[in-house]
Amino acid sequence: MSEQQVYEPRVVAFLCKWCSSAGSDLAGVSRIQYPANATPITVPCTGAISPMYIMSAFNKGADGVLVSGCHIGDCHYIEGNYLARRKMQLIMELLEFIGVEPNRFRMSWVSAAEGAKFAQVITDFVNDLKPLGPQEKLKKAEHS
Amino acid sequence: MINVQDIRDTARDLLAKGEVRAVIGYRRGSRGMLAEPAFITSPEQADELVWDPTCFHNLSLYLVHDRKFLDHIRKNPGAPVAIIAKGCDARSIVVLLQEHYFKREDVYIIGVSCEGTGVLDERKLAPHLNGAQASNAAFDGDDFVFTTAEGEKRLQAREVMADRCLECRIPFPKEHNAVFGEDKAGRQMEAPFAALTRFEEQGSGERWDFWSHHFDRCIRCFACRSVCPMCYCDECVVDSITFPVTTETTAEDKANRVRWIERSAVRSENITYLMTRAMHLAGRCTDCGECERACPVNVPIRLLNNKMEREAREQFGFEPGASIGGPSLVASFLDSDPGDFIR
């Protein structure tokens, strides 16, 4: 009898260098348990995230994409996260518009002191992604 | 009603006095009733200009071409270029000016108001003519009049007008040096974004069925990109073939270039292309509808751009092409921007 493989969603997490990346670090050193589904990609600022990154992550097979940065007002570059807020809302609306499940894309503010919140965000995201199953809509077809 | 002779006289005057070096307008094309873009450089040619319901091209594209050509031959513009612009075309010129693509004094805008009507959608006209070919089209109040071999055919403009014209809120070119026709802003043929609202009433599943069908059909001919005045980048992020190759470009450089999107016309790559294009046009697209008209396989590209336009308007109170000094959508923000979706 073959063992049933449990579906584990793959999450690409774009974390800002100054807050969320440090927050994920804190979650680690505090030994908080959270799902290991997220692949972190550190970016200088959420404002530096092109919507193209998100499309590209889905294109290369991500089941969910998380964008996380500093709280409003705390941006190292003063206004990067304000700009991100606009851009990410637009790409989120567009993804939903063409019929991609809204739960596949998420944005959060996690400061460097919020290790527990980071763990919670990842846990919630993975729990929401599991019932959706693998993301096939935007994924590049595999060549045979 | 616009008298086409007024447009011709203005063009002739401008060219005769040497105030402009060319007039970009419309003339009778070689295929049936359709107008085609005309580039008039001498006063005698001014009588070729026409203005009728088939003048659907957004001519501001040629201002971009002109600018690129001048850069290429390293020449200063000198006298400005005059251009005939409808409401939507004038707004795209404003966006180009906002982005400092050229200077205000480099362009002389001859505005034409669409008044109570707009331009024709050929696809809507076909069933009305029962297979006949129209040789001429003309505005007449709220009607379009077509000349066919069987005589004149009068149709209510709203039956054969392009969707974007039915939904148009501002059919008058606000930014202009000279203008013809009345400002009939506030006319309502269909609610703004009517087609989009109807589409969005469907569930997520139906929306995906619709889009996946269309994304499968895209042949990646890039006609939408070629016809769009806003797609002026020399290097297009979606198309590695447009990266400049010089004598210094090594094979390794070429191999290691970031390829965001494969060139094969398969669904996943088409999605990434069309979605990226919609994002790049957010807050810049003035809904001239040229992409959808140029599409050989009728992908409803306008819906994507419309969606972005409506989000920008509703969420951020942003209107594309409203004023030359205005901010751009994605390079500005307000404290009041919505943030409820962020956890």
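At a heavy-atom cut-off of under 4.5 Å, chain A is reached by B:Leu303, B:Leu304, B:Lys307, B:Met308, B:Glu311, B:Gln315, B:Phe316 from residues 302-321 of chain B, listed in order of number. Among residues 8-47 of chain A, no residue has any heavy atom closer than 4.5 Å to a heavy atom of chain B. Against chain B, the residues from residues 50-61 of chain A that qualify, each with a non-hydrogen atom under 4.5 angstrom away, are A:Pro51, A:Met52, A:Tyr53, A:Met55, A:Ser56, A:Asn59, A:Lys60 in number order.
Side-chain contact between B:Arg220 and B:Ser264: absent, with no pair of heavy atoms (C-beta onward) separated by less than 4.5 Å. Here the side chains of A:Asn81 and B:Phe333 are not in contact, with every heavy-atom distance at 4.5 Å or above. Side chains of B:Tyr273 and B:Arg263 form no contact here, defined as non-hydrogen atoms less than 4.5 Å apart. At a threshold of 4.5 Å between non-hydrogen side-chain atoms, the residues B:Arg164 and B:Val119 count as touching. Counting heavy atoms from C-beta outward, A:Met88 and A:Ile49 have side chains that approach closer than 4.5 Å.
Rounded to the nearest 0.5 Å, atoms CZ (B:Arg284) and OG (B:Ser92) are 10.5 Å apart. For the atom pair CG (A:Leu90) and CG (A:Leu94), the distance works out to 8.5 Å, reported to the nearest 0.5 Å. Here B:Glu290 contributes atom CD and B:Leu61 contributes atom CG; the two are 8.0 Å apart, rounded to the nearest 0.5 Å. The distance from the CZ atom of B:Phe341 to the OG atom of A:Ser108 is 11.0 Å, given to the nearest 0.5 Å.
Using a 4.0 Å cut-off between charged side-chain N and carboxylate O, B:Arg91 and B:Asp287 make no salt bridge. The pair B:Asp337-A:Arg86 counts as a salt bridge, with a side-chain nitrogen and a carboxylate oxygen less than 4.0 angstrom apart.
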Audit row: A:Asp74, A:Ser111, side chain to side chain donor-acceptor pair (under 3.5 Å) steps and yes/no: CA-CA 9 Å; A:Asp74 290 351; A:Ser111 82; over 6 Å; no
Go through the steps to decide whether A:Glu101 and A:Lys137 satisfy the test salt bridge (Lys or Arg N to Asp or Glu O under 4.0 Å), and finish with yes or no. CA-CA 10 Å; A:Glu101 299 86 347; A:Lys137 288 178 177 169; 3.7 Å; yes
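With chain A as partner, the option from B:Pro338, B:Gly203, B:Ser212 having the largest number of non-hydrogen pairs under 4.5 angstrom is B:Pro338. Heavy-atom pairs under 4.5 Å with chain B peak, among A:Ile91, A:Val121, A:Val100, at A:Ile91. The choice from A:Met92, A:Met107, A:Glu96, A:Gln120 that makes the most heavy-atom pairs within less than 4.5 Å of chain B is A:Met107. Contact tally against chain B (heavy-atom pairs below 4.5 Å) for A:Gln89, A:Glu79, A:Lys87: the top residue is A:Gln89.
B:Trp211 and B:His214 have perpendicular rings, their planes meeting at more than 60° on a 0 to 90° scale where under 30° would count as parallel.
For B:Asp335, the parts lying near chain A are the backbone and the side chain together; criterion is any non-hydrogen pair under 4.5 Å. The contact between B:Val330 and chain A is made by backbone and side chain atoms together, counting heavy-atom distances below 4.5 Å. The part of B:Leu196 that comes within reach of chain A is its side chain, from C-beta onward, which places non-hydrogen atoms under 4.5 angstrom from that chain. Heavy-atom distances place the backbone of A:Lys139, and not its side chain, under 4.5 Å from chain B. If you measure heavy-atom distances from A:Leu95 to chain B, the contacts under 4.5 Å come from both the backbone and the side chain. Only the side chain of B:Phe199 has a heavy atom closer than 4.5 Å to any heavy atom of chain A.
By the salt bridge (charged side-chain N to carboxylate O under 4.0 Å, His left out) test, B:Asp253 is found to be paired with no residue, residues two or more places apart in sequence or in another chain being considered.
Each of A:Arg104, A:Arg106, A:Lys130 was checked for a side-chain contact (heavy atoms from CB on, under 4.5 Å) with A:Phe125, and the lone residue meeting it is A:Arg106. A side-chain contact (heavy atoms from CB on, under 4.5 Å) with A:Asn103 is found for exactly one of A:Leu132, A:Asp124, A:Asn127, namely A:Leu132.
At least one donor-acceptor pair under 3.5 Å links the side chain of A:Gln135 to the backbone N or O of A:Ala62.
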